[in-house]
Protein chains: 4
Amino acid sequence: MARPLSEDKQFALLAAAAELVALQGVGAPTSQIARQAGVAEGTLFRYFATKDDLLNQLYLHLKSELCTALTAENLAAYSLKERAHAVWNLYIDWGLAHPLAAKALSQLHVSDKVLPETRAKAHAMFPDVSEIVGNVFAGLSQQQSTAFSEMLLGTLAETTLSFAASNPAQSQSYKAAGFAFLWRGLAHD
Amino acid sequence: MARPLSEDKQFALLAAAAELVALQGVGAPTSQIARQAGVAEGTLFRYFATKDDLLNQLYLHLKSELCTALTAENLAAYSLKERAHAVWNLYIDWGLAHPLAAKALSQLHVSDKVLPETRAKAHAMFPDVSEIVGNVFAGLSQQQSTAFSEMLLGTLAETTLSFAASNPAQSQSYKAAGFAFLWRGLAHD
Amino acid sequence: MARPLSEDKQFALLAAAAELVALQGVGAPTSQIARQAGVAEGTLFRYFATKDDLLNQLYLHLKSELCTALTAENLAAYSLKERAHAVWNLYIDWGLAHPLAAKALSQLHVSDKVLPETRAKAHAMFPDVSEIVGNVFAGLSQQQSTAFSEMLLGTLAETTLSFAASNPAQSQSYKAAGFAFLWRGLAHD
Amino acid sequence: MARPLSEDKQFALLAAAAELVALQGVGAPTSQIARQAGVAEGTLFRYFATKDDLLNQLYLHLKSELCTALTAENLAAYSLKERAHAVWNLYIDWGLAHPLAAKALSQLHVSDKVLPETRAKAHAMFPDVSEIVGNVFAGLSQQQSTAFSEMLLGTLAETTLSFAASNPAQSQSYKAAGFAFLWRGLAHD
DNA sequence: TATGAATGAGTATTCATTCAT
DNA sequence: CATGAATGAATACTCATTCAT
């Protein structure tokens, strides 16, 4: 029986890629990623067909980790706002706890190397937030409104995270401020 | 003087750079930019010392065009909200009218090739918005609150613009939705 | 290991560099050196980090070959003058036998691409000649006198070699003339 | 009557070239040479057809200045050795007084940009030294011997000069040492 | 399966020279 | 005659990918 591709190595490559993409952007050389992962240059291409494939897999991997963090707690018993606030805090806290992962994710968000279908796959991993974001925008269909709100939620969180990460002393204030802005924007109060 | 550095060529280079950066990101090759501008490869470097210099100049150029668009009308006679809404609409309309410029600008926003001092220079071009964004966030200093609000405003506008541009039929609705979200978020109503 | 860095290729690159540096100076393009060595352009940079590194390695390589040639014979049994004369002859003969190597070496001697530490390393390879050059110059310390004499010896040999190489028919006479000049200059007779 | 090419500018270009060639070698850019001379880039090529032409003219110019320095004094009344020693001292002193000129000259000496016919022209400027160098080498024709001796004289002086210039405190000792070596080498004592 | 040497197209930048002004 | 903008070939070096070992 042929030895399968090692999950350890795959994971090490994704972790190395996350770090280097965070620090150097998507232009980080595959040779450095391989070295950082402790494998040979050519080995990377046994786990990922191309560099673009690696970046897409990395995107899914990081999104999946984020998703796991957001669904850690059972919030069924709480009010809508409490649940939304809890998830918001989990997002920001995840980003503060994993700054390189968060940084890599924002690099990938704006990269055209990440394909639309990859983004769609990642989007599908997340629980439905249509209840939270509501249907607040006149002139847009329910679907359009939800998609728009979700994107606003995402960019808001990313911006909040970057301010919180840059000012550790005020991180809790930025976290609260970001949520307040979002909640008012969604016309919940 | 044998021949002055042609403003036409400088402009053509900036326009070519805007287009290619919009389509390919900051990695767009200088050789292609020069060709697109209709000049020789070496000529680019008579107008811009390095590629990074070109990108920084491009950032200032586009920001300056945007700024001009936003200050086209005299709004002194209107209410705060009317003024804010008018500026918001001018922003989105500028982006819809110049999609490549807007796209290039968002590429440059996230690029680390644009130096902090360039960003500062660009920021200084814009009129003060502290009155519009107010001081709405508990736990943050006036300065922190303003900076945070400005950034939220910027990312909101960018997101709104991308949705509006992708759905021309609904662009007016996205434009209105984005402003409504912002205005509520800033706790003005 | 997939394949070790081939000593053959490293040698071929050094040989190609020697030839092209001899003919064109240190400005010889790396692309030509690679082609002459029969490898791809990029391959050169797997063996030598930079062109300057290649030039420094080439300097050491050629000096080492020269040094080997000079220490081929065991001269312990001979008088000082006989030993000096033998080494002189070995030098000139090596240059006549390897004119490109000798030419490359004189190009590198005057190039500022070859670092002082490289020169020091090369100098350390050679046997001590302080006995031969003596301490003949008034007003200079032993160390200064030796360094000066060594340099005179080197430039004398290089000049002699170039005359000998240009006039093969008289090469033996130039060889003898150069040594006679040196020996008298060092005040040995 | 058309205004002739200005001798001032030609001289300024040669002076600038000497300085930059001394500091950067023959690879010094023509644009820098022109700027240093206070003229426009294109102007250089009205005085010198090509960069190689400039380098050849520079060689002749510097050799001519050196020659002037060596023939400053009337030495007819002195002995052969006294005359030789005086000329030697004038050479070294000229080099110490004009280190950039001397450095440029040694760069040009080893450059293949300086054509043989230029070297021949320069050689013809100098007074006959056959009396000084004598005909001391067995197996060589008078002409060969003289040419060889002249070259030895030149390289010896250049080496001596570089040591003297690097050690100003000992420059007189090196100057004396170099002459002593030369004079003994020529078998005069 | 893992390795890493080999590849060569691609990149930013330089520079001698030309020529329109 | 002087200028300096324009040129484009040339240069050192990088990097994703392949494949022999």
Side-chain angles (χ1 to χ4, degrees), chain A residues 1-6 9 27-35 38-55, chain B residues 1-6 8-10 27-35 38-55, chain C residues 1-6 8-10 27-35 38-55, chain D residues 1-6 9 27-35 38-55:
Chain A
M1 189 171 61
R3 186 150 44 108
L5 288 168
S6 140
K9 278 180 188 152
T30 52
S31 56
Q32 269 189 58
I33 294 172
R35 188 178 336 128
V39 304
E41 263 180 83
T43 302
L44 187 152
F45 292 94
R46 301 195 66 78
Y47 290 83
F48 305 96
T50 64
K51 185 183 181 181
D52 283 8
D53 182 36
L54 167 62
L55 293 174
Chain B
M1 202 165 32
R3 215 180 329 176
L5 273 176
S6 142
D8 281 3
K9 274 180 190 138
Q10 170 140 359
T30 51
S31 56
Q32 270 189 56
I33 295 173
R35 189 178 336 129
V39 304
E41 246 175 284
T43 301
L44 187 151
F45 293 94
R46 293 193 72 80
Y47 288 83
F48 305 97
T50 63
K51 185 183 181 181
D52 282 9
D53 182 36
L54 168 60
L55 292 175
Chain C
M1 202 163 34
R3 216 178 330 174
L5 273 176
S6 142
D8 280 4
K9 275 180 188 139
Q10 169 139 359
T30 52
S31 56
Q32 269 188 58
I33 294 172
R35 188 176 339 128
V39 303
E41 247 177 283
T43 300
L44 186 153
F45 293 96
R46 294 194 70 81
Y47 289 83
F48 305 97
T50 63
K51 184 183 180 181
D52 282 10
D53 182 37
L54 167 60
L55 293 174
Chain D
M1 187 172 61
R3 186 151 45 108
L5 288 167
S6 139
K9 279 181 186 151
T30 52
S31 56
Q32 268 189 58
I33 294 172
R35 188 179 336 131
V39 305
E41 263 181 83
T43 303
L44 185 152
F45 293 93
R46 301 196 64 78
Y47 290 83
F48 305 96
T50 64
K51 185 183 183 183
D52 282 9
D53 182 36
L54 167 61
L55 292 174

Gap separating the CD atom of D/Gln32 from the OG1 atom of D/Thr30, nearest 0.5 angstrom
9.5 Å
Once you round to the nearest 0.5 Å, how far does CD of A/Glu41 lie from OG of A/Ser31?
5.0 Å
Please produce a list of atom pairs where a protein N or O lies less than 3.5 Å from an N or O of nucleotides 8-10 of chain E.
residue: E/dG8; atom: N7; partner: C/Gly42; partner atom: N; Å: 3.3

Report the distance from atom [atom1] of [X] to atom [atom2] of [N], rounded to the nearest whole Å.
X: C/Gln10; N: E/dA6; atom1: CD; atom2: P; result: 11 Å
X: D/Leu54; N: E/dA16; atom1: CG; atom2: P; result: 10 Å
X: B/Tyr47; N: F/dA5; atom1: OH; atom2: P; result: 8 Å
X: D/Phe45; N: E/dT18; atom1: CZ; atom2: C1'; result: 10 Å
X: A/Asp53; N: F/dT18; atom1: CG; atom2: C1'; result: 17 Å
X: D/Ile33; N: E/dC15; atom1: CD1; atom2: P; result: 11 Å
X: C/Lys9; N: F/dA20; atom1: NZ; atom2: P; result: 12 Å
X: D/Arg35; N: F/dA5; atom1: CZ; atom2: P; result: 12 Å

For B/Arg46 and for C/Ser31, find the nucleotide of DNA chain F with the closest heavy atom, then tell me which residue's nucleotide is more 5'.
B/Arg46
DNA chain E: 5'-proximal contact among C/Gly38 and D/Thr50 (nearest heavy atom):
C/Gly38
Judged by each residue's nearest nucleotide on DNA chain E, which is more toward the 5′ side, C/Val39 or B/Asp52?
C/Val39
Pairing annotation in dot-bracket form, given for DNA chain E with Watson-Crick or G-U pairs under 3.5 Å and | for cross-strand partners
.||||||||||||||||||||
Do any side-chain nitrogens or oxygens of A/Lys51 fall under 4.0 Å of OP1 or OP2 in F/dC15?
no
OP1 or OP2 of E/dC15 under 4.0 Å from side-chain N/O of D/Thr30
no
Spell out, as yes or no, whether a donor-acceptor pair under 3.5 Å connects the side chain of A/Lys51 to the backbone of A/Ala28.
yes
For C/Leu54, is there any backbone N or O sitting under 3.5 Å from a side-chain donor or acceptor partner on C/Tyr47?
no
Can you name the one residue among C/Asp53, C/Leu55, C/Ile33 that meets side chain to side chain contact (heavy atoms under 4.5 Å, CB included) with C/Phe48?
C/Asp53
